[in-house]
Amino acid sequence: AQSVTQPDIHITVSEGASLELRCNYSYGATPYLFWYVQSPGQGLQLLLKYFSGDTLVQGIKGFEAEFKRSQSSFNLRKPSVHWSDAAEYFCAVGTYSGAGSYQLTFGKGTKLSVIP
Amino acid sequence: DAGVIQSPRHEVTEMGQEVTLRCKPISGHNSLFWYRQTMMRGLELLIYFNNNVPIDDSGMPEDRFSAKMPNASFSTLKIQPSEPRDSAVYFCASSFRGEADTQYFGPGTRLTVL
C-alpha cells in the first residue's frame, strides 16, 4: 500500500528566509504527487502537482517542488518566505488500484510558522 | 467559477442526534470525495463517488455513517446516531477524471458532538 511521510511536524522560519518542506512516499510505480496548503479554518488549496515530464514543477505563490525518483521524494521549496505563508502543508500521492479505484493518500502535514 | 460548496460550515449537536452534511461539487466534475480530518488521524478518505456511483466506501468508519449522491451536483454525508468521537472537520472534494484526478476541496464542515 502507498504511504506518505512528512518528517517535520512543525517548522519555524524567519520571514525572507528560504524554505524546504520534506515529503517521502512509498509506492511501486510513479504516482501522481501533490502539495496542498491549509490556512487555519480553511479548506485545502492546491499549490502544485506532478504527473510526468519535467521533475521540477512550479506552483502558485512562488512555490516549487522537485520530484526525485531515486529518493522517492517530492520536496517543496520557496526561496523567500512571507508571513502570509504561515499555514499547514500537506503532501499527497494519488494512485490507482488494479480495479481502477483511485485514492489520494495524505501525509500528516507540516505546520509552518513564520517569525518577523 | 464557484468552488466546492459545503454546508453547514459549523454544526454543534448532541450525542444521538442525526447530522447531515451537504456538498455541491464543481460543475462538470464527475468524482466526489468525502474526507474527515482530526488531530489524531489526519486526513482520512471516507468514501468516493464516480459518476454518482459509490466506488470505494472502505473508509466509512461504521454503519452509523452513510453517503449519497442523488445527482451530479449534490451529495450528503449522514451520521445517525452521532457520537462525540465523530467530532472532526469533514471535507468534500471534487475532481474531473482526465485531469489526472486533481482534487479541489471545499471549506469543510466543523462538526462538534456534545
Side-chain angles (χ1 to χ4, degrees), chain A residues 1-10 23 25 27 29-54 57 59-60 65 67 74 87-111, chain B residues 2-10 21 23-26 29-51 53-60 88-112:
Chain A
Q2 66 278 6
S3 65
V4 180
T5 302
Q6 293 182 246
D8 303 306
I9 297 174
H10 191 184
C23 172
Y25 67 90
Y27 184 59
T30 301
Y32 301 137
L33 296 162
F34 306 83
W35 275 100
Y36 285 87
V37 60
Q38 184 181 27
S39 298
Q42 303 296 314
L44 279 74
Q45 181 184 19
L46 180 69
L47 281 176
L48 48 77
K49 59 189 178 185
Y50 172 80
F51 296 152
S52 64
D54 192 346
V57 293
I60 62 171
F67 168 57
F74 188 56
E88 190 154 20
Y89 292 80
F90 293 91
C91 180
V93 296
T95 57
Y96 288 95
S97 71
S101 173
Y102 179 78
Q103 182 170 11
L104 194 61
T105 303
F106 286 87
K108 295 293 188 185
T110 297
K111 184 176 181 180
Chain B
V4 176
I5 298 172
Q6 291 187 247
S7 64
R9 292 294 309 276
H10 302 273
L21 311 181
C23 176
K24 177 178 169 57
I26 293 172
H29 283 188
N30 59 357
S31 292
L32 184 140
F33 305 79
W34 282 101
Y35 291 88
R36 178 171 66 176
Q37 185 180 39
T38 61
M39 289 291 292
M40 291 297 295
R41 300 172 68 91
L43 269 161
E44 303 173 279
L45 176 66
L46 299 178
I47 185 171
Y48 91 90
F49 297 83
N50 192 40
N51 293 323
V53 176
I55 301 299
D56 184 353
D57 65 355
S58 60
M60 295 285 263
V89 181
Y90 292 81
F91 288 103
C92 176
S94 70
S95 71
F96 173 66
R97 297 197 89 179
E99 217 187 301
D101 297 83
T102 299
Q103 295 181 21
Y104 297 87
F105 283 73
T109 296
R110 181 175 294 278
L111 173 65
T112 303

Given Phe67(A), Tyr32(A), Phe34(A), Trp35(A), the one that forms side-chain contact (heavy atoms from CB on, under 4.5 Å) with Tyr50(A): Phe67(A)
Region of Leu46(A) in contact with chain B, defined by heavy-atom distances below 4.5 Å: side chain
Ring pair (Phe, Tyr, Trp, His ring centres under 6.0 Å) partners of Phe90(A), counting only residues at least two apart: none
Segment of Gln103(B) engaging chain A (4.5 angstrom heavy-atom cut-off): both
Counting only heavy atoms closer than 4.5 Å, note whether Gln45(A) contacts chain B via side chain, backbone, both or neither. neither
Under the salt bridge (charged side-chain N to carboxylate O under 4.0 Å, His left out) definition, can you give me all pairs with a residue in residues 39-48 of chain A, not counting sequence neighbours? none
Just wondering, are more than 12 heavy atoms of other shown residues or ligands nearer than 6.0 Å to CD1 in Ile60(A)? yes
The interface call for Met39(B) against chain A, heavy-atom contacts under 4.5 Å, is neither
